[in-house]
Amino acid sequence: MRIEEELKTKAFVSENQKAQLNIMFTAGWVRCAISAALKNYGVTPEQYNVLRILRGSHPQAICLKDITCRMVDRNSNTSRIVDKLADKGWAVRETSASDRREVQIALTDKGSDLLAQIEKQYGADKMMHSSGLSSAEAETLNHLLDKLRSA
C-alpha cells in the first residue's frame, strides 16, 4: 500500500519529507512483523539481535560494550537484555581471563538451538519481509539507505 494511503494524506511538503516519513513508517511496520514472528519463541527483537551478535563471535565470548556497539538499536539496555537471555539459558556470563572486572557473554547451546529453530522457520530474509524485493532492488535499497546515513 502506498504511504499516502497508510498515513491517509494526499500531499507532503516535499519528496524528501515523504521519504523520511515512509522510512519511519516502514521501520515500525517491519519491527511489528518481526516482533510478532519472534513472540512465538519468547524472544524480543532486541534479544534476537544480541543472540545473533553472540553467535557471530562464537565460540569466543564478547564483552557488553562490544555487544552494544553492534546492536541495531544502540539505545537498548544491553545489560538488562543479557540478564534476560542468561535467565532463559540462552547466554552465559563469564569473568574475563585477562581482566577479572570485565564480564564476557557467550552463547549457550540452548541459545544456538533457538536461533536455528527461528531461522529454520523463517530463513534469513523472510523475517525481514524483504521477499517482495528482488536481489537487485534490495541492493539498490541498501545503497540508498547507506547513502542516507552517510549524509
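Everything numeric in this text was worked out from a predicted model, so none of it was measured.
- Heavy-atom contacts from other residues, nucleotides or ligands closer than 6.0 Å to CD of Glu6 number more than 12.
- The shortest heavy-atom contact between Lys110 and Gly89 is CB-O, 3.5 Å.
- In this structure the side chain of Ile105 never reaches within 4.5 angstrom of the side chain of Val92, judged on heavy atoms.
- Taking all atoms of both residues into account, the shortest heavy-atom contact from Leu64 to Ser79 is CD2-CB, 3.8 Å.
- Here Val13 is tied to no hydrophobic group at all, with no ILVMFWY side chain closer than 4.5 Å.
- In terms of modelled atom types and a separation under 3.5 Å, the side chain of Gln60 and the main chain of Ser57 share no donor-acceptor contact.
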Checking side chain to side chain contact (heavy atoms under 4.5 Å, CB included) for the pair Asn22/Leu7: CA distance, chi angles, key distance, verdict?
-> CA-CA 9 Å; Asn22 204 341; Leu7 299 181; over 6 Å; no
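- Between Met1 atom CE and Phe25 atom CZ the span is 8.5 Å, to the nearest 0.5 Å.
- A 4.5 Å side-chain heavy-atom check between Thr95 and Val103 finds every atom pair outside the cut-off.
- Between Glu46 and Arg31 there is a salt bridge, with a side-chain nitrogen of the basic residue lying less than 4.0 Å from a carboxylate oxygen of the acidic one.
- Sorted by first and then second residue, the side chain to side chain donor-acceptor pair (under 3.5 Å) pairs with a member in residues 142-151 read Asp146-Arg149; sequence neighbours excluded.
- Looking at residues two or more places apart in sequence or on another chain, you find no salt bridge (charged side-chain N to carboxylate O under 4.0 Å, His left out) involving Arg80.
- Within a 6.0 Å radius of NZ in Lys88, other residues, nucleotides and ligands contribute more than 12 heavy atoms.
- Rounded to the nearest 0.5 Å, atoms NZ (Lys10) and CD (Glu4) are 11.5 Å apart.
- Here the CD1 atom belonging to Ile81 is positioned 6.5 Å from the CG atom belonging to Asn77, to the nearest 0.5 angstrom.
- The distance from atom CG of Asn16 to atom CG of Leu21, rounded to the nearest 0.5 Å, is 11.0 Å.
- Results of the side-chain contact (heavy atoms from CB on, under 4.5 Å) test with Leu107 over Ile62, Leu51, Leu85, Ile53 single out Leu51 as the only residue that passes.
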Decide side chain to side chain contact (heavy atoms under 4.5 Å, CB included) for Met71 and Thr78; before the verdict, give the C-alpha distance in whole Å, the side-chain angles of both, and the deciding distance to 0.1 Å.
-> CA-CA 9 Å; Met71 294 279 294; Thr78 312; 4.3 Å; yes
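- Distance check, rounded to the nearest 0.5 Å: CZ of Arg74 to CD1 of Ile67 gives 13.5 Å.
- A search for salt bridge (charged side-chain N to carboxylate O under 4.0 Å, His left out) contacts involving Lys39 returns nothing, not counting sequence neighbours.
- Under the salt bridge (Lys or Arg N to Asp or Glu O under 4.0 Å) criterion, the residue pairs touching residues 48-73 are Arg52-Glu119, Arg55-Glu119, with sequence neighbours excluded.
- Rounded to the nearest 0.5 Å, atoms CG (Asn49) and CG (Leu38) are 10.5 Å apart.
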Taking it one step at a time, do Trp90 and Asp113 satisfy side chain to side chain contact (heavy atoms under 4.5 Å, CB included)?
-> CA-CA 9 Å; Trp90 297 331; Asp113 291 346; over 6 Å; no
Criterion side chain to side chain contact (heavy atoms under 4.5 Å, CB included) on Phe12 and Ile3, from CA distance to verdict | CA-CA 10 Å; Phe12 295 94; Ile3 192 68; 4.1 Å; yes
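- Within a 6.0 Å sphere centred on CD of Glu15, other residues, nucleotides and ligands contribute 12 heavy atoms or fewer.
- Although no hydrogens or angles enter the test, the distance criterion places a donor-acceptor pair under 3.5 Å between the side chain of Thr140 and the main chain of Ala136.
- Linking Ile, Leu, Val, Met, Phe, Trp and Tyr whenever their side-chain heavy atoms come within less than 4.5 Å puts Val30 and Tyr41 in one cluster.
- Cluster membership check: Ile23 does not share its hydrophobic cluster with Leu144, using side-chain heavy-atom separations under 4.5 Å among Ile, Leu, Val, Met, Phe, Trp and Tyr.
- Residues that satisfy the salt bridge (charged side-chain N to carboxylate O under 4.0 Å, His left out) test with Asp83, not counting sequence neighbours, are Arg93.
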